[in-house]
Trainee: 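Next up is a structure, given as structure tokens.
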Amino acid sequence: MTDSNKLEKFATDNQIEGLTEPSLKALMEKKTGYTIDKAKKFLSFQQRINEKLLKHPVITCNDYCRWFEQGNQNKAQVREFVVQFSVFSNLFLIAQLHKTINADTLEGMHASKEILANEIGVIFNAKKTPGAIADNSNTGENPDIVSTEGSVEGGQFRFKAAHFEWLYRMAQKLGLEFTDIGKRRHGTESTLFYCDELTRIYGNEDYLTSQAASYAVENWAAAGFWDQLVAGFEKFNDTREIKLPLGFFTWHALIETQHAAHTQEELEELYFERKIDEDKFIHDGNEMLDGVATFWDGLDIQRKRLTS
Ligand SMILES: [Fe+2]
């Protein structure tokens, strides 16, 4: 019997089908905190999450992204979209820094720093060997060839690998200057509300609040909005004389498919190893998604105004 067959049989015998492999393994090994009783409680919690959190409209029907995907946007609409995204991209650093500072374990702090350092320009070192020098092709100028895997540990810093700079290069093609993007003053009320909610909930001092927000945000991202944006931009590029460099969006679409696989494992680990207030988790997650929805709804209102 293979290992995964053994896990499957263990799950069926104990009526705990639906858990990820790492959790089943930990249960078999009777790791601290991992009991069959808790596993069953988790599965009913998961059902509540599916019903009460993952059906949030921003996950199930994002009007703006649906429209964007069609590729019928005019230049003014694309320009405004890039401006709002640049504000989000910069202000996200604040939320991520809060998350880093408020981490309650060194491991958690490292995980947050991975994201923060990568955002500002440390290229993931795909070799995962501390101290190793990243591949020379990883210049950072072209997000299409910058690794989406590995760790910032031993990775190289390049100004040009900052995600904001990828967006800046795109903005330049649209006739925008450095002073036209990325600042708080460029954000609409709804963009700023979203960014402030990220700092307040995702960067919360309470670790479980911040984890609930992370889980919600990851599930929103995994629902495919990056792919919709890429599809829309590709159509835009095909039919216009300007060719926008899409690296910022294609890179994020790619990294998201990897994140999605870990999101569920992380939630289970959190459930078995911590004491979760289930109602609060669902409440915090929804509050975060309301913030996300405000951002997209704001973009939707703005693009309707810019119809020519
Ligand atoms: Fe990013």
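We use all heavy atoms of the structure for the numbers below, so side chains are in, but hydrogens, waters and symmetry mates are not. Order of listing sets the numbers, starting from 1, for every ligand and every atom in it.
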Trainee: Do the side chains of Glu287 and Arg200 get close enough for a salt bridge, i.e. N-O under 4.0 angstrom?
Mentor: yes
Trainee: Can you confirm if the aromatic rings of Trp220 and His56 lie within a centre distance of less than 6.0 Å?
Mentor: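 Centroid separation for His56 and Trp220: 6.0 Å or greater.
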Trainee: Which of parallel (below 30°), tilted (30 to 60°) and perpendicular (above 60°) describes Phe68 and Tyr64?
Mentor: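 Ring orientation, 0 to 90° scale: tilted.
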Trainee: Determine, using ring centers only, whether Phe248 and Phe233 are less than 6.0 Å apart.
Mentor: no
Trainee: Quick check: of its N, O or S atoms, which one does Glu119 have closest to the Fe ion (ligand 1)?
Mentor: OE2
Trainee: For the Fe ion (ligand 1), which N, O or S atom of His252 is at the shortest distance?
Mentor: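 So the atom name we want here is NE2.
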Trainee: Give the atom name of whichever N/O/S atom in His163 sits closest to the Fe ion (ligand 1).
Mentor: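 The nearest such atom is ND1.
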